[in-house]
Amino acid sequence: MTLRVYNTLTRKKEEFVPIEPGKVKMYVCGPTVYNYIHIGNGRPVIFFDVVRRYLESQKYEVTYITNFTDVDDKMIRKAEELAVTVPELAETFIQAFLDDVKTLGVHDATLNPRVTENIQEIIDFIAALVEKDFAYEARGDVYYRTSKFAEYGKLSNQNLEELQYGIRIEVDDRKESPQDFVLWKAAKPGEIYWDSPWGQGRPGWHIECSAMVRKYLGETIDIHGGGQDLTFPHHECEIAQTEAVTGHPMANYWLHNAFLNIDNEKMSKSLGNGILIRDLVKQIKPQVFRFFMLSAHYRNPLNFSDESLKQASNALERIQNAYDNLKHRLTTASATSEIEPALTDRLAAIANQFDDKMNDDFNTPDAITAVFDLVAEANLYLQQERVNAAALQLFLDQLQAFDQTLGILSQQTDELLDEEIEQLIIERTESRKSKNWARADEIRDLLTEKGIFLEDTPQGIRWRRK
Ligand code: AMP
Ligand code: ZN
């Protein structure tokens, strides 16, 4: 089955066909770096990481770009509040973001460009819009002339008239029309600024992504992503800017994740119910949070609560236990013989089921069902007294392959569990009874290597850890 993705632009699931075979160019709008990220911000971060990992598992070469908005009104206000410069503020929260997403097992982006490193490209982009009459200057500001872009509203499925109703009438006589949006803002005294053909100022928010996408990925990219709140105005404005200049679609597929709520309420500053990622991971394993995020389809709202986290934790434990048990049994499994073809077939069917679900618009909850099918097969297999190292390896490889996409397993130390030690001692006693000295010695060596000492006592064999 080929990959199909839901495209916000066309409002349907479409077959995914990359511009260049075997390659995917992907851009996800990143954070404004004036604060630590909260659990809601974790949703796009984790979801698009999984999209990227899955595409890579399908042998695509993915270029994944996500930006940092390191100058804007919020940054300026926060820097003032903290009595630091805007670049100092940005540095602090860029590092914090990178640390947080690493904790969440998110792979590094190919590149994390920043607005302040791309001012010239942004100015050039705005100049091209002015040149084409899609933008106009008004007392040091530059605005986008929405009425000139006939397709304005196509992403969020609204037309200009409808938009007019929605917009609060701003007292801003610089704009020709209330829907017009700012591309360049004149600096107020004391604010950070750059020189431009329109005087000293800084970029508006939307223009940075148009400039960076074009610079780092080209005129048309495969996937553009972000949270659903970015559809309008941010992505609508990106389209208007880019397509006015290039005459080509900005992105072929627009993907948006739904929101994460807390206890069925919107997370908001006024409710004071936001939770930072860095605080959450002091309470729970980051893998549990990842698993929880992937337990719902990305286009459905997801509710964060103690109960839903507990469920995620229990479910993940079942997968982790199977994984650990497979690894431990492998350290002691003796003979390697042929794997039963029926087992190979069952595992291949489960792998296909996983891909089918991921291919259906990244249906992670259903893909996780395939992971549980594998866990059930593994547990059944592990109940056998004699296990085959090759079969254990096959289960492990498959589980690891799923995890390449999901990133939910912990790599624990390969310490032996108590019950495994006891199992090995029984096996050693039996080996000695049956005069299988080689196996008995092998087990003794293995236990010594793991720091387990055996003592013969009148009550039988006792063991202790070093
Ligand atoms: P912000 O820093 O709020 O501009 O958001 C950065 C990214 O996180 C954007 O892609 C937002 O759409 C996304 N986002 C913010 N809050 C939530 C939430 N509660 N649930 C899901 N995504 C969110
Ligand atoms: Zn953007």
Side-chain angles (χ1 to χ4, degrees), residues 8 26-51 64-70 72-75 78 89-90 93-94 96-97 100-101 104 106 109 112-115 118 121-122 125 155-156 181 183 203-217 221 223-242 250-251 254-277 280 289 292-294 296-305 308:
T8 308
M26 193 170 166
Y27 184 96
V28 178
C29 296
T32 305
V33 283
Y34 70 108
N35 222 334
Y36 296 112
I37 54 169
H38 57 65
I39 54 174
N41 302 135
R43 195 163 192 197
V45 163
I46 292 171
F47 169 65
F48 287 105
D49 177 57
V50 167
V51 168
Y64 185 99
I65 308 247
T66 179
N67 65 308
F68 288 127
T69 303
D70 62 348
D72 82 337
D73 291 350
K74 284 179 286 193
M75 297 281 304
K78 186 72 182 276
L89 178 74
F93 288 110
I94 285 173
F97 174 88
D100 287 349
V101 303
L104 295 179
V106 170
N112 291 105
R114 308 176 185 193
V115 176
N118 286 281
E121 287 76 6
I122 291 172
F125 212 107
L155 182 70
S156 50
F181 57 90
L183 299 168
W205 173 30
H206 315 304
I207 193 68
E208 65 186 67
C209 293
S210 287
M212 291 193 238
V213 166
R214 183 171 68 163
K215 175 173 171 186
Y216 296 107
L217 294 170
I221 64 171
I223 296 176
H224 195 124
Q228 69 183 14
D229 57 323
L230 297 188
T231 311
F232 185 85
H234 186 54
H235 288 162
E236 196 71 74
C237 296
E238 286 188 28
I239 290 179
Q241 295 161 159
T242 296
M250 181 178 195
W254 290 84
L255 271 58
H256 294 99
N257 63 270
F259 260 46
L260 176 78
N261 300 318
I262 297 190
D263 294 326
N264 292 312
E265 282 196 82
K266 217 178 151 213
M267 225 185 309
S268 81
K269 283 220 175 75
S270 55
L271 289 170
N273 60 355
I275 299 174
L276 302 180
I277 300 273
L280 179 75
F289 184 58
F292 159 73
M293 279 290 186
L294 301 174
H297 190 271
Y298 76 95
R299 285 190 289 114
N300 289 336
L302 176 58
N303 188 42
F304 181 97
S305 66
S308 55

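What's counted below: heavy atoms across the whole structure, side chains too, no hydrogens, waters or symmetry copies. Just so you know, ligand 1 is whichever comes first in the structure, and atom 1 is the first atom listed for that ligand.
For an aromatic pair to be called close, the ring centres must be under 6.0 Å apart, and F292 with F304 satisfies this.
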Go through it in stages, so that I can follow the logic: the residues are F68 and V33, the test is side chain to side chain contact (heavy atoms under 4.5 Å, CB included), and I'd like the CA-CA distance, side-chain angles, deciding distance and then a yes or no. CA-CA 7 Å; F68 288 127; V33 283; 3.7 Å; yes
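When only non-hydrogen protein atoms are considered, atom 12 (O) of ligand 1 lies nearest to D229 OD1, 2.4 Å. Atom 13 (C) of ligand 1 has P44 CG, 3.7 Å as its closest protein atom, hydrogens excluded (heavy atom only). For atom 22 (N) of ligand 1, the nearest non-hydrogen atom of the protein is G40 O, 3.2 Å. Nearest protein heavy-atom neighbour of atom 3 (O) of ligand 1: N41 ND2, 3.8 Å.
Residue R43 has no N or O atom closer than 3.5 Å to an N or O atom of ligand 1. Geometrically, ligand 1 and G227 share a nitrogen or oxygen pair separated by less than 3.5 Å. Taking distance alone, with nitrogen or oxygen atoms compared against 3.5 Å, L260 approaches ligand 1 more closely than that limit.
Judged by distance alone, with hydrogens and angles left aside, the side-chain atoms of N303 form a donor-acceptor pair with the main-chain N or O of N264 at under 3.5 Å. Side-chain atoms of Q241 come within 3.5 Å of backbone atoms of H206 as a donor-acceptor pair (strictly under, hydrogens ignored).
Classification of the Y27-H224 ring pair by plane angle, with boundaries at 30° and 60°, yields tilted.
Geometry note: the Zn ion (ligand 2) is the vertex, C209 SG and H234 NE2 are the arms, and the angle is 110° (rounded to 10 degrees).
Because the distance cut-off is set at 2.8 Å, H224 fails to qualify as a neighbour of the Zn ion (ligand 2), as none of its N, O or S atoms comes that close. When distances to the Zn ion (ligand 2) are checked against a cut-off of 2.8 Å, H235 contributes no N, O or S atom below that limit.
At a heavy-atom distance under 4.0 Å, only side-chain atoms of L230, from C-beta outward, approach ligand 1. Within the 4.0 Å heavy-atom criterion, the part of N257 lying near ligand 1 is the side chain and not the backbone.
There is no side-chain donor-acceptor pair under 3.5 Å between N67 and Y216. For the residue pair D49/Y64, the side-chain donor-acceptor check at 3.5 Å is not satisfied. Side-chain contact of T242 with S210: a donor-acceptor pair under 3.5 Å is present, judged by distance alone.
Shortest non-hydrogen contact noted between I65 and P113 is CG2-CD, 3.5 Å.
Taking every heavy atom of A258 and a limit of under 4.0 angstrom, the matching atoms of ligand 1 come to 21 (C).
Between the CD atom in E236 and the CG atom in L155 there is a gap of 5.0 Å [rounded to 0.5 Å].
Under the 4.0 Å distance rule, the nearest protein heavy atom to atom 8 (O) of ligand 1 falls inside the cut-off.
Among the heteroatoms counted here (N, O or S) of E238, OE2 is the one nearest to the Zn ion (ligand 2).
Closest heavy-atom approach to atom 16 (N) of ligand 1 among the candidates K266, M267, H38: H38.
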